[in-house]
Amino acid sequence: MEPKDCSDKNETDYDPSWLKGTSAEKLLKYESSSQKNFSHPVYKKLSKINGKINDMSLENLIDSLNELKLDSRGKKEVLVKRLKSYYKESNVQAAKCKFDFIGVIDFEATCTEVQNKNYPHEIIEFPVVLIDMKTLTIVDHFSSYCKPIINPKLSGFCTQLTGITQDKVDEAEDFKSVLKKVDEWIEAHELGNKFKFAIATDGPWDMQNFLNLQCSHSSIPYPRWAKKWIDVRKLFSNWLGVRRCNIGKMLAYYDLEFEGNLHCGLDDARNIARILICLAKDGCEINVNDHLKNCLTQINKKSEETTLEQTL
């Protein structure tokens, strides 16, 4: 449900005096080491503040954010959440992100104009955009095209959609070789060893469908580091209380435009990273929220073992 629009309220009804006395210096900071006590006066005060914020018009929200020297760009849902987060973080110790780095992935795969659920999609672009969660900046990226084996000839629709031409995949290594390079890149950055690391995607499809299917095609194990991930689309929807939407619409909530070419895997991943950075800056707790279901390589292995037993 969208927040109630109170833009028809009289400007004289808006009294910013309720903002006074709510800073960290004037409200007791409180957080139990085990469990928060929501009957504590701080939480009661925050509840009243949140109610006031819900009743504010868009103009009032912008004025309050500007007064606090906070970013006032974005749709009303974003501004409401940003202002609430400010007062929460000012009065309650905020949970820090548990990850040092997050790698954003957005695959591009072979496709045809006529959708077929049995079509054997193959990954043809493998990008990873690395976010430093301490500085909330993009610090590195990996990018490589992959040569498809089952359908080596790209459809005209696929090239038009992704911008990936036949010569790019013809000159590329196969997926197995590219995945090995990704593993080496992850190891070189000490991700998952020295630094806590997670994968992020726009929705479940990249990991659950494309990577799962590709590992089955290539007869290789599904990578351990990709078995759990941050679904940014789900995270965004839950944080703002809005319906799940695509990259362009998520950016629009922050008054941002897509940078680069849509359906270019690397550009898509960079824009997903921008959304994740916006969420983190606004106080959203970044956690893993999805995982692999029905790993095809394990299913195929069990099927092969059953067939072998029957043969013997």
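This chain uses plain numbering: 1 for the first residue, then up along the sequence.
Smallest separation of non-hydrogen atoms from R270 and H141: NH2-CE1, 3.5 Å. Of all non-hydrogen atoms in C97 and M133, the two that sit nearest each other are SG-CE, 3.9 Å.
Partners of H189 by ring pair (Phe, Tyr, Trp, His ring centres under 6.0 Å), not counting sequence neighbours, listed by chain and number: W185. Evaluation of the salt bridge (Lys or Arg N to Asp or Glu O under 4.0 Å) rule for R73 yields D71 as partners, not counting sequence neighbours. Residues passing the salt bridge (Lys or Arg N to Asp or Glu O under 4.0 Å) test with K293 are D290, sequence neighbours excluded. Not a single ring pair (Phe, Tyr, Trp, His ring centres under 6.0 Å) links Y222 to another residue, sequence neighbours left out. By the side chain to side chain donor-acceptor pair (under 3.5 Å) test, D174 pairs with S177, sequence neighbours left out. With sequence neighbours left out, the salt bridge (Lys or Arg N to Asp or Glu O under 4.0 Å) criterion links K176 to no other residue. Every residue two or more places apart in sequence or in another chain that forms a ring pair (Phe, Tyr, Trp, His ring centres under 6.0 Å) with F101 is listed here: F195.
Listed by first and then second residue, the salt bridge (Lys or Arg N to Asp or Glu O under 4.0 Å) pairs that reach into residues 136-161 come to none, sequence neighbours excluded. Pairs of residues two or more places apart, or lying in two chains, that qualify as side-chain hydrogen bond (donor to acceptor under 3.5 Å, both in side chains) and include a residue from residues 124-138 are D100-K134, T135-T137. Listed by first then second residue, pairs satisfying salt bridge (Lys or Arg N to Asp or Glu O under 4.0 Å) with a partner in residues 233-262 read D202-R233, E259-R274, not counting sequence neighbours.
A single hydrophobic cluster is seen to contain both I138 and F258, as judged by linkage of ILVMFWY side chains at heavy-atom distances under 4.5 Å, directly or through other members. One hydrophobic cluster, built from ILVMFWY side chains closer than 4.5 Å, holds both I49 and L61. Hydrophobic clustering keeps L161 apart from Y145 (ILVMFWY residues linked when any side-chain heavy atoms are closer than 4.5 Å, directly or through intermediates).
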message: Test side-chain hydrogen bond (donor to acceptor under 3.5 Å, both in side chains) on W225 and D183; report intermediate values, then the result.
response: CA-CA 9 Å; W225 49 261; D183 288 335; 2.8 Å; yes

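Although no hydrogens or angles enter the test, the distance criterion places a donor-acceptor pair under 3.5 Å between the side chain of S155 and the main chain of C158. With hydrogens and angles disregarded, a donor-acceptor distance shorter than 3.5 Å links the side chain of N271 to the backbone of D267.
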Counting only pairs under 3.5 Å, give me each side-chain donor-acceptor contact of residues 103-112, with atom names and distances, residues two or more places apart or in other chains.
unit_1: T110; atom_1: OG1; unit_2: E122; atom_2: N; d: 2.9
unit_1: T112; atom_1: OG1; unit_2: V114; atom_2: O; d: 2.8

Could you pull out all donor-acceptor pairs under 3.5 Å where a side-chain atom in residues 163-173 meets a protein atom, sequence neighbours excluded?
unit_1: T165; atom_1: OG1; unit_2: D167; atom_2: OD1; d: 2.5
unit_1: Q166; atom_1: OE1; unit_2: L154; atom_2: N; d: 2.8
unit_1: Q166; atom_1: NE2; unit_2: P152; atom_2: O; d: 2.8
unit_1: Q166; atom_1: NE2; unit_2: D170; atom_2: OD1; d: 3.0
unit_1: E173; atom_1: OE1; unit_2: K181; atom_2: NZ; d: 2.7

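Both tests pass for K75 against the ring of Y253: distance under 6.0 Å to the centre and angle within 45° of the axis.
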